[in-house]
Amino acid sequence: VFLSLSSLGVTLQLVKQIRAFCPYVVLVCAGDPVGSDLAAKLGRNGADRCLPLKISTTESRSLRALVSERDHMYGEDRRRSRHTRSSGCLRSDAARKDDTFALIKQGTLPPVASIRRSHTISGPNLIGGYSRNAMERQAIEKLFHRYNAVIAREHLGPITTLCGLPSCASSLLARSVLMYCDRNQHTRCIELDDFMRFWADRFDGNSSDQRMYHMMRSLALAKSSRLDCLLGLSEALLRGVRLLTGAELDVVHMVAELILFRLSGAARSESQVTERAMRRVDFCAGLISAESDLYVGSFSILEPTRLMEYIRQFEALGGRAANDPMVASELEPSAIMSLCQARGSIIPRAVTSVFSAHVGGISRAMRLADFARFWTAQIEVSSTSAVEYWFHVLDEDLDGYLSREDAHTFYSEKVPLKLQEGVHLCEFANVWASVLDMVAPRDPERGFTVSELLGLPEKH
């Protein structure tokens, strides 16, 4: 293909496009004069030769040789392609490096992330489609047979990741299987038949978040504790950062409370682990990112530097994290009021309401876990969890509505405090009218609910 150099910009664009679609064609740019800089630029973009309009016999022979060489390369590549697609290669017992399913059939178990989704027909809310779930069953059975159909609880990590769950959920998976099969919770090994019965009933056809929800719900109902299953997750997540955060039990409870806070910012007595909340925050994906030291998405609050910030601030106010409750120190409301006054964040009445809604009463002191939730709610004010957190702080009459009376209670205390600083605030009636205009509640006389507040655009 000969291209004219009369318009350099058009020629460069044509060279790039032809080279992208025709890697074997010989591209010759012809024009007068042809400088060395121009020839080098065209060569970098894919041109083979830059020649004057009148070419010599030697140059003509050189082009003919180049065309023959490219034609030979094209023929070799075609023959190699036909050989690769031949039936003999496809039915060969030797597994190719890119054939994930052939590797699984021969006993090699790649990680779940390496399985290409193009091999499967993905169904709704499934790990990787119906074919992927069938392959998962075969892979689990093959892995169990490597251990003579019995796997110890400490070796359940590969099975956990194969099911699309974070490895920190291995202990939860073991307890769920044993409880489902009515086995002793102290049993050290899990049998293949027990696991496959559990998998067929609880895991087959479910997404990773749905699987995690079913495990946590069954364990929470059995133990009558919402945080019991989260403590196992937090303890496993902290294994890699114990040197930074310390091994205190209070730190483990703090991480568990932060995970629960990400699912629900409501008062602890009302917070629940729901399947919808787990899907909203990409629960399993967030925990897997935390295990991989990425800390992306909603679970960036578990980053070691953030955890150390909570601990340092807690200790700076006079608190102390420890394994023994008799040794640990907690924060009184006066310490939190001093902190908020120094930061200019919330008024003393709001601090009192924080203790009433999220700590258990004004007579209770704030633990490290409570302080971490409080601190996160101040930093990430626009997050769903923080909105739920502060809504329960402002809802003083606990009727589920943030009414005019609730808002006026806090605003009336804020006005004189700002006057001392020389700041004059607007009349409450004007502020409340603006709030109602933005929220547009169904019942303006009663106020608005937390669901109406969360339904607002982010700019409001």
inquiry  = For the CD atom on Glu154, are there more than 12 heavy atoms of other groups (residues, nucleotides or ligands in this structure) within a distance under 6.0 Å?
reply    = yes

inquiry  = Ring centroids only, cut at 6.0 angstrom: are Phe371 and Tyr310 within range, meaning strictly under it?
reply    = no

ask   = So with a 6.0 Å cut-off around CZ of Arg364, is the heavy-atom count from everything else above 12?
value = no

task = Indicate the ring-plane relationship of Phe283 and Phe299, choosing parallel, tilted or perpendicular according to the 30° and 60° boundaries.
result = perpendicular

request  = Would you give the length of the straight line joining atom OG of Ser218 to atom CE of Met216, rounded to the nearest 0.5 angstrom?
outcome  = 10.0 Å

request  = Apply the test side-chain contact (heavy atoms from CB on, under 4.5 Å) to residues Phe144 and Ile159: give CA-CA distance (whole Å), side-chain angles for both, the deciding distance (0.1 Å), then the verdict.
outcome  = CA-CA 9 Å; Phe144 261 94; Ile159 295 290; 4.0 Å; yes

message = A quick test of your reading: do over 12 heavy atoms of other residues, nucleotides or ligands sit less than 6.0 Å from CZ of Arg320?
response = no

query = Any chance the side chains of Asp406 and Thr409 put a donor and an acceptor closer than 3.5 Å?
reply = no

ask   = Centres of the His358 and Tyr389 rings: under 6.0 Å?
value = yes

query = salt bridge (Lys or Arg N to Asp or Glu O under 4.0 Å) between Glu452 and Arg446: does it pass, once the steps are laid out?
reply = CA-CA 13 Å; Glu452 291 174 333; Arg446 297 189 64 183; over 6 Å; no

request  = Check the angle between the aromatic planes of Phe448 and Phe391 and answer parallel, tilted or perpendicular using the 30° and 60° thresholds.
outcome  = tilted

Atom of Leu258, atom of Ile301 and distance for their closest heavy-atom approach = O-CD1, 3.6 Å

task = Could you check if a side-chain atom of Glu309 sits within less than 4.5 angstrom of a side-chain atom of Trp375, using non-hydrogen atoms only?
result = yes

task = Could you tell me whether the side chains of Thr449 and Ser451 share a donor-acceptor contact shorter than 3.5 Å?
result = yes

